[in-house]
Asker: 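First the structure, then my questions, so here it is.
Ligands are counted one by one from 1 in listed order, and the atoms in each one are counted from 1 as well.
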Amino acid sequence: MHILLSNDDGYLAEGLVSLAKALSQHAEISVVAPDRNRSAASNSLTLEMPLRVYDTDNGFIKVDGTPTDCVHLAITGLLEKEPDMVIAGINHGSNLGDDVLYSGTVAAATEGRFLGLPAIAISLVGMNPTHFDTAAEVAVILLKQIISNPLPKDTILNVNVPDVDILDIKGFKATRLGQRHKSEAVLKSEDPRGRTIYWVGPPGAEQDAGEGTDFYAVSNGYVSVTPLQVDLTNYKSINEISSWLPKIDCL
Ligand code: MN
């Protein structure tokens, strides 16, 4: 099996290095990752600039683009041999609930899925998490499971791992995405030349974090595994908007 690894924290990130080390015991791996931290890059592709690719000392390939660029390039022509699967992470910090819309880690997995490959995004919970070995072992466990239980064609697994020793993990839970309150306010400040600058504020607190959610699983010591699909259609609302849309008169 040949696995493509990527991330959004950059090719030097400890999470990616740990993941590569653990998975290389079980599969052939290729690592194609951004040359710097591109967290929250979401599903962006670079279209107005060329992308440059460099081999690094540790055998990885770095790209001056987004996580989505990395996976796109890797699968559509950069790698000589097409991978069988994409694993993105281990992200430094959780990707829970609404975070998945912004996440470059989830985006890297999504790009793999778009291009026809099974894909997993894996994140280690916490502001400055340390137990990357736990998350790497979880990745190996899930890889083995997926080989015998293939994922449906449109499904990505979003995995969040509590930042504890593997022996303190209570188990695995299949979850749904929870929700956060709206983001905290933007932080206004001043640059050294007296000009106003803004920092995007922290994400909102958990709002829908009850039993069954990804938030609930990780806060109770379980690995959260949420199957994601890319179709964002709100099917329940099709009928509702159909009640007034056809009445619009375009003159
Ligand atoms: Mn990140």
Asker: Give a yes or no on whether Asn91 keeps an N, O or S atom under 2.8 Å from the Mn ion (ligand 1).
Answerer: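 A backbone or side-chain N, O or S atom of Asn91 is under 2.8 Å from the Mn ion (ligand 1).
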
Asker: Look at the N, O or S atoms of Ser39, main chain and side chain alike, and state whether any lies under 2.8 Å from the Mn ion (ligand 1).
Answerer: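 Yes.
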
Asker: Return the name of the atom in Asp8, of element N, O or S, nearest to the Mn ion (ligand 1).
Answerer: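 Of all N, O or S atoms in Asp8, the Mn ion (ligand 1) lies closest to OD1.
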
Asker: Could you identify the N, O or S atom of Asp9 positioned closest to the Mn ion (ligand 1)?
Answerer: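 The nearest such atom is OD1.
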
Asker: Evaluate side-chain contact (heavy atoms from CB on, under 4.5 Å) for Val230 paired with Asp154, printing each intermediate quantity in order.
Answerer: CA-CA 7 Å; Val230 178; Asp154 58 350; over 6 Å; no

Asker: Is it true that Asp69 and Arg38 have a side-chain N and a carboxylate O under 4.0 angstrom from each other?
Answerer: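 Between Arg38 and Asp69 there is no salt bridge, as every charged N stays at least 4.0 Å from the carboxylate O atoms.
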
Asker: Looking only at side chains, do Ser94 and Ser123 share a donor and an acceptor under 3.5 Å apart?
Answerer: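 Result is no, nothing qualifies.
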
Asker: Go through the steps to decide whether Ile141 and Phe172 satisfy the test side-chain contact (heavy atoms from CB on, under 4.5 Å), and finish with yes or no.
Answerer: CA-CA 11 Å; Ile141 292 168; Phe172 290 76; 4.0 Å; yes

